[in-house]
Amino acid sequence: MEKNSRQLKIKNTLSRKKEVFEPINPPFVGMYVCGPTVYSDVHLGNCRTFISFDVIFRYLKHLGYKVRYVRNITDAGHLESDADSGEDKIAKKAKLEQLEPMEIVQRYTVDFHKVMDQFNVLPPSIEPTATGHIIEQIEMIKKIIENGYAYVVNGSVYFDVEKYAQENDYGELNGRKLEDLIANTRELGGQDEKRGPLDFALWIKAKPEHIMRWPSPWSVGFPGWHLECSAMSTKYLGEKFDIHGGGMDLIPTHHTNEIAQSRACNHTEPVNYWIHTNMLTVNGQKMSKSLGNSFLPHELFTGNHPLLDKGYSPMTVRFFMLQAHYSSTLDFSNDALNSAEKGYHRLMSAIVTLNKLQPSSETSNFNVQELKDKVYEALNDDFNTPIAIAQLFEGIRFINSVADKKATVSEKDLDTLKTLYHSIVFDVFGLKEEILEDNSELINGLMKIIIDIRLKARKNKDWETSDAIRDQLKELGIILKDSIDETTWTIQ
Ligand code: AMP
Ligand code: ZN
């Protein structure tokens, strides 16, 4: 384990405090994040949430934890309203397009993965679907009924919030009192059947026109949206696990109900650390499909949107998102993206410069160890990426002055700097060098020519040429590795 792991603090939505992170069973960490409902393209707001958790996943792994990261795909049960009314979002889209619901699910799951790839978001360890876990959900409902926290009406099953609230704090995640929650309830889906205004569906009997349906002990129907996450997190991470996350819009209903279901079923607080990301906004308003102010990733990459002056690359957008702390709102504008673009290029060219620096026999004119400590201090302080970036930019001033021969760096400090920038920028922030990516075919072709020329030189025992090629490539940050039957190359 990296020694820095001992200092990691996480702001826990449940306690509203920053707490030292102590996994239940170190070095293993279980993390569950609510994934997308695959009925339409993901917009940039959704991407912000998944990028934020990608950085958290990457940082935990960097610290040496063995993370099992579960991020689900919601492919059934998410109705138009969170209060159990309206149509299933996927079924509605399927009807509209005259397709089988699973065709909708397949199309948008594939698109989602493509977008996550473009943003260099790592795939989770497990990506379970709601429809793949109907049996687990039915079993969970049976237990909740057995434990006395749910009731059956006309083939549907509802969670009894009032009963649950007698022994538990139903509003604990939201910091709200039960009376206030009841007073604020507006919509009442399935009103005639529910006993209390906050009760929510665990199983809904399908109306004849509802096409996504499964048999159960109560009716042919479908599970409530909140249930899938309780059932799948329990299955893959256990009744009690370390981290649960999602966007903060999920706190009042989805996550509050997840806690209630899991506690009612397993008699234990399911999650130790709740992490919630803040919203991506446009002119101060939450980016959302229903408000009509959402940007799709490809509109941003191509610049094909009335509010954009030009297109921005995926890594510029990723960098733009990392410049804000995950728990602050982030407002989307041309100006902010333009300055992120400059920042991203400055960071990338500093790494190219860093790779070419030569160490000096003199001491460094900069405290590299202190820089490293400050970067880790920022990341250990609830994954504070903007402060870590600011520290890395302090270091860039030093890197550039060494390149301009106005400062010196010792061999040990140069090694520390290279490891720091490479591991934080590439492994933890998940940024990558787009120029190389964009030109990879060309670069691969050129490298093959160079390696072939060197191979000929070696065959002719022309060591001078072969060594000169190897050394000059090294100066550019390209390392050649010779094995018995081939020579491969990597970027340092
Ligand atoms: P959905 O597919 O709508 O269930 O959303 C998937 C994830 O994106 C959830 O964790 C939401 O909380 C999150 N989300 C939705 N809108 C935004 C936004 N504007 N900014 C950040 N996250 C969002
Ligand atoms: Zn969920």
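Both counts, for ligands and for their atoms, begin at 1 and track the order of listing. Along the sequence shown, the residues carry numbers beginning at 1.
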Mutual orientation of the aromatic rings belonging to H226 and H254 [parallel < 30°, tilted 30-60°, perpendicular > 60°]: tilted
Protein contact of atom 19 (N) of ligand 1 - nearest heavy atom, named by residue and atom, plus distance: M287 O, 2.8 Å
H43 to ligand 1, any heavy atom closer than 4.0 Å: yes
Test of proximity, L280 against ligand 1: N or O pairs below 3.5 Å: yes
Step-by-step side-chain hydrogen bond (donor to acceptor under 3.5 Å, both in side chains) determination, Y59 to N380: CA-CA 9 Å; Y59 189 54; N380 281 336; 2.9 Å; yes
Minimum-distance protein heavy atom relative to atom 21 (C) of ligand 1: G45 O, 3.0 Å
Parallel, tilted or perpendicular, as decided by the 30° and 60° cut-offs, for the rings of H255 and W274: tilted
M279-ligand 1 polar pair, N/O distance under 3.5 Å: no
Atoms of ligand 1 close to P36 [distance to a heavy atom under 4.0 angstrom, numbered from 1]: 2 (O)
Mode of D249 contact toward ligand 1 - side chain, backbone, both, neither (heavy atoms, under 4.0 Å): side chain
Numbered atoms and elements of ligand 1 in range of K286, under 4.0 angstrom, heavy atoms: 16 (N), 19 (N)
Distance-only donor-acceptor check, side chains H113 and E127, under 3.5 Å: yes
G35 N/O to ligand 1 N/O under 3.5 Å: no
Aromatic ring pairing Y65/F21, orientation class (parallel under 30°, perpendicular over 60°, tilted between): perpendicular
Minimum-distance pair of heavy atoms, taken over all atoms of G196 and Y151: N-OH, 4.1 Å
Ring center gap for F295 and H305 short of 6.0 angstrom: yes
Identity and separation of the nearest protein heavy atom to atom 2 (O) of ligand 1: T37 N, 3.2 Å
Y164/F159 aromatic ring centres below 6.0 Å: yes
Nitrogen or oxygen atoms of T49 and ligand 1 under 3.5 Å apart: yes
Mutual orientation of the aromatic rings belonging to Y170 and F200 [parallel < 30°, tilted 30-60°, perpendicular > 60°]: parallel
H254, N/O/S atom nearest the Zn ion (ligand 2): NE2
Candidate with minimal heavy-atom separation from atom 9 (C) of ligand 1, of T74, I251, V282, L250: L250
Opening angle at the Zn ion (ligand 2) [SG, C229; SG, C34; to 10 degrees]: 130°
Of the listed options N46, T277, N278, closest to atom 6 (C) of ligand 1 (non-hydrogen atoms): N46
Proximity of Y236 and F241 rings by center, below 6.0 Å: no
Shortest protein contact, atom 10 (O) of ligand 1 (heavy atom only): G247 N, 3.0 Å
